[in-house]
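Numbered from 1 within each chain, the chains take letters A, B, ... in sequence-line order.
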Amino acid sequence: MNQNIGVVVFPGSNCEKDAMEALADLGATPLLLWHADSDLQGVDAVVIPGGFAHGDYLRPGAIARFSPAMEAIIDFAHNGGPVLGICNGFQVLTEAGLLPGALQKNAGLKFLCKEVELQVESTNSVLTNMTSKGQTLRIPINHFEGNFTCTDETLIELQSQDQIILTYRENPNGSMANIAGICNTTRNVVGLMPHPERACHTLLGSTDGRILLESFIQGAHAAV
Amino acid sequence: MDDQLHRSLGLTDDELAKIIEILGRDPNHLELAMYSVMWSEHCSYKSSRIHLKRLPTEGKNVLVGPGENAGVIDVGDGIAIALRIESHNHPSYIEPYQGAATGVGGIIRDIFTMGARPIAIMDPLRFGPLEDARSRWVAEGVVSGISGYGNSVGVPNVGGEIVFDETYKGNPLVNVLCVGILPKERLVLGQASGIGNLAVLLGSTTGRDGIGGVSVLASAGFGDEEEDAEKRPSVQVGDPFEEKRLIEACLELLDEGLVVGIQDLGGAGLACAASETASRGGVGMDFNVSAVPQRESGMQPFEIMTSESQERMLAIVEPENLEQVFAICNKWEIRSSVVGKVTPSGALRIVDDFDGEVLGEVPAASLHEDAPLYERPISEPDDMDTAITDQATTLSGPEKIEDDLFDLLMSPQWATSQYDSQLFLNTVVGPGSNAAVLRLKHPTSGEDTGRGMALTTDGNHRWCAINPRIGSAMTVAESVLNLACVGAVPQALVNCLNFGNPENPVVMWQLSEAVDGMAEACNAFDLPVVGGNVSLYNESQGTNIDPTPIVGVIGLINDLSKAPPGLTWNDGDRIILLGPEANGLNGSAWAFMKGHRRGSLDPIDFDLHKRVCALTRDLVTKELVTGLHDISTGGLGVSAAEMAINSGVGCTLARTPDHIAFFSESPSRVILAVNPELLTEVEQLAAEYDVPHERIGLAHGEIFTVKNLLTVPVKDLQEKWDNRLSDALDGGTTQG
Amino acid sequence: MVYDACVEVKLREGIADPQGSTIEKATDNLGFAGITNVRVGKCIRFQVEAGDEEEAKNIVSELCDRFLTNPVIEEAVIEIQVVG
Amino acid sequence: MVYDACVEVKLREGIADPQGSTIEKATDNLGFAGITNVRVGKCIRFQVEAGDEEEAKNIVSELCDRFLTNPVIEEAVIEIQVVG
Ligand SMILES: Nc1ncnc2c1ncn2[C@@H]1O[C@H](COP(=O)(O)OP(=O)(O)O)[C@@H](O)[C@H]1O
Ligand SMILES: [Mg+2]
């Protein structure tokens, strides 16, 4: 199984090499996609990595969503292509309207870098289909704006359509309903604030991110 | 010419005379402004240079020693590492967030100027006491500034220090160390060579921010509020997104071989970058001020040349590569403009258009090489003799020793959890342990070498206040021991010398002594000094800070297939204390807490220290210990408490007779947690290395017990440890 | 013509405001009594060139919809004035 | 009495505003021509209890000086109104 996975780079991205390292380690073939380029080079799946896409002074993802690459990714997603947004990537996906809700500043107004415990809420998504419901995953978070917020109606929809895929065991940032990650209704677009790529190597403390990225690589395979 | 102008720019009459001698005429305003910033303390090291010469700088792995933007060492496998530390003390007192943020930005530029990708920063910090409102406000702003800039620019923060003490109340210390990695063959130096080459200014526009910043802010202490208000225009605002693109653009330019030299713009702005690149290359430069993109209208040439606007670089480019340089800059959305031409003359000529009026002309090298060199008067403090008789061991012991222990516990997590410490997937040991440990991956291929690098920063004003020479030596020794605790062999040292007003002979004595102590230790440990920074005038209202030399030391770990043991023990482990007997309380955190800030220090036994380090490294490499911790701030008491808190397992310590043994910080000591089955092997090894060792207790249960001294639940220790900073800082802070 | 524009971007009613609540808590701790309902928004000021005020308004309001606000949680209040 | 307070915190003139310039560049890229001099500030709205308007003003201005702004780089514009 040798999936080509595109990793999008904006000028202020900084986790793209980390995502590529983890994906390659799991047997996929990652390649960089430059934000100003609308050609997705026939990749089987797309990862939008962490960082600060365009500095994100106004709002994370506010500028990124207009990039040529994002326009192509929106089409790709609408055609069922697997898309994963990690941290800043999650923020970009909500700004682009591929995922509902928004990510606000953390309650407590501090940047937070630490390992947290996640609980799998739904295994029905391109990111979680190899996990089991209720499973605990130890994965680091690293963000200032990870506080998931939406209207009450949206939250009810997310819940009734099983779109909440990962929650925090102990809410670090004020997210509604402890939300750490969600998927779209067709379950091929997922976003999460924690960084699975930082939990793929024994030397880095946890390997619980592997199962998520493996699921995603599998999903890319299924989608082809 | 207005004969007071040079004084208002901070130049002495003698310095003016020297300028006139160099030029053979009176300088004009622009020229005078350039000399004033370049000859400021911050840029010219005029008070410290003669002392710094005494530091050892040679080593077989040293590729670039002090004097360049950063030191560079060869770490094998075709990999080189650049490192440097710098202070941003004064700006951080005035505007903590931006002061600290721009400090991070500045040191990162020093690193990628060498062609290295910045991969880690560390932030040794010093603030006034937590009880002081303004100090809390400064601490909170500084930490969020470091967090805001560092995280966004994408360089992980892997360690540092955070210390609160009365001495920093009017003058905090914000030092930042940065480490970068590069393929050895790509090393570049900041020089312009090749007549006809072009100087291209990259990055931000130039504004009036920070005009005269180095001379105004870093070369004078603080006075009253009104004076501070006048320094306001010098405050700069950082733009980490610009810096991030600048890093990527510059590294791509270097990868493509499109620049012959590159130089960051820091203190003294364009005046410094233009003259430095020219004089290093033994050439001159015509510098066109009107080609500099300006943020504000009506800027004078002297303002343009001395502005310290952030996030700018000067690249030296061969004309035929210019188009490609522009293309890469456009890709990264970086402004780029040709502002200079390399000439054979040796002169830095400031022109208004390349064929327009000459606004100023000085020998480029004179701005650095002819900078004044002062051998300032030195004198020992008057009370040296009486201080020695004032021993902290004569203080009465604590009523309830557990309360004193509680007061010495402080987790840095409030700060460190605000920093991205994991980016690049290198961080095996992050903030909060003996030393940071990173995987060593090849900078271009990303291939893991299986080896590791270890980093530590240390400083101890308490020791240095008592005896700057021994204190500095002990500081270096502590760093070396910290590295040994993670199994690393030290390779190189950088330092930041934070001292008071150099015009005070006692301060100069402190500086001179500290340099000697550092040199002695570096020689003893075979550790080359590859760079550093001197920050003087750390004083407020006439009071100088305690001398605070900070060192950063990098080490290498040969086999990093497993994470080194940390501050932890298992239930049932035996607790061993390595090293000499505890000796006194002078300069300890406990003594300072009791208001005792004097006394004497015994010289460190370098031979013994080296044996302790070698043994410790061996124990770690051979996987003979569950966990370990060097004994430093707070003594055995705090080190053992930290192990208990970290592991959630208590202990019984049997052989700790009194508060002196419990809180003494005498050097060369390590606490080990050893599985009983390995005990004999550990003790044999200790005997082989001829290192004193003693079984002092047992790890077990949930209670922290020291026989005949104290009994407290580990969870109480944990609570004090966790909450100290958040209790003080999370409720909001004001400027006081 | 050049117009001064001021856009206040605020969180929609009912959307929790972490900045506001942090400030409110801090004012209590710091001894500023009686401060309630703190809400924090952004204030973006700029100049815009347009044929007339109507056009200026349209440009700014499109800018708000597409870029300056995230309509999921924010709304904008726009003020326009001829540069005087 | 309860007063509505609105504090606009802006960067002082001459202080660089990277947020503003980033937004300005983005408006160009998005095809909004003629937008210049973008400066970004904060707008903090809250209610404050005080005996009279004078007192309300004093409380808010002390809050600004000590807590909401750093006068070295920022200035505050304060508006106070009786809750109507
Ligand atoms: N400001 C800070 N930034 C990052 N790390 C910090 C900071 N302050 C403390 N630390 C981390 O906390 C740990 C303990 O610090 P310290 O008490 O100075 O250690 P030691 O006394 O062993 O040298 C170190 O690993 C250090 O890296
Ligand atoms: Mg240490």
(message) Closer than 3.5 angstrom, by distance alone: can the side chain of D:Asp65 be matched with the main-chain N or O of B:Gln735 as a donor-acceptor pair?
(response)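 No, the answer is negative, given that no donor and acceptor are paired below the 3.5 Å cut-off.
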(request) Give a yes or no answer on whether the side chain of B:Gln236 reaches the backbone of D:Ala16 with a donor-acceptor pair at less than 3.5 Å. (result)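 Pair absent, no side-chain N/O of B:Gln236 close to backbone of D:Ala16.
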(message) Is D:Asp17 close to chain B through its backbone or its side chain, or both, or neither, when contacts mean heavy atoms under 4.5 Å?
(response)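 It is neither, since no heavy atom gets under 4.5 Å.
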Non-hydrogen atoms of chain D under 4.5 Å away: do they reach the side chain of [X], the backbone, both or neither?
| X | result |
| --- | --- |
| B:Glu296 | side chain |
| B:Thr733 | backbone |
| B:Glu242 | neither |

(message) If I compare all heavy atoms of B:Gly238 with all of D:Pro18, which pair ends up nearest, and what's the gap?
(response)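 What the structure gives for the nearest pair is O-CG, 3.5 Å.
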(message) If I take atom CD1 from residue B:Ile94 and atom CD1 from residue D:Ile73, how far apart are they, to the nearest 0.5 angstrom?
(response)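 Atom-to-atom, B:Ile94:CD1 and D:Ile73:CD1 are 11.5 Å apart.
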(message) Rounded at 0.5 Å granularity, tell me how far CZ in B:Arg208 sits from CD in D:Glu13.
(response)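 B:Arg208 atom CZ to D:Glu13 atom CD measures 10.5 Å (nearest 0.5 Å).
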(request) Report, by ascending residue number, the residues of residues 21-56 of chain D in heavy-atom contact with chain B at a distance under 4.5 Å; give 'none' if the set is empty. (result)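 Listed by number: D:Thr22, D:Lys25.
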(message) I'd like to know whether NZ of B:Lys331 has more than 12 heavy-atom contacts from other residues, nucleotides or ligands below 6.0 angstrom.
(response)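 Yes - once you tally the heavy atoms of other residues, nucleotides and ligands closer than 6.0 Å, there are more than 12.
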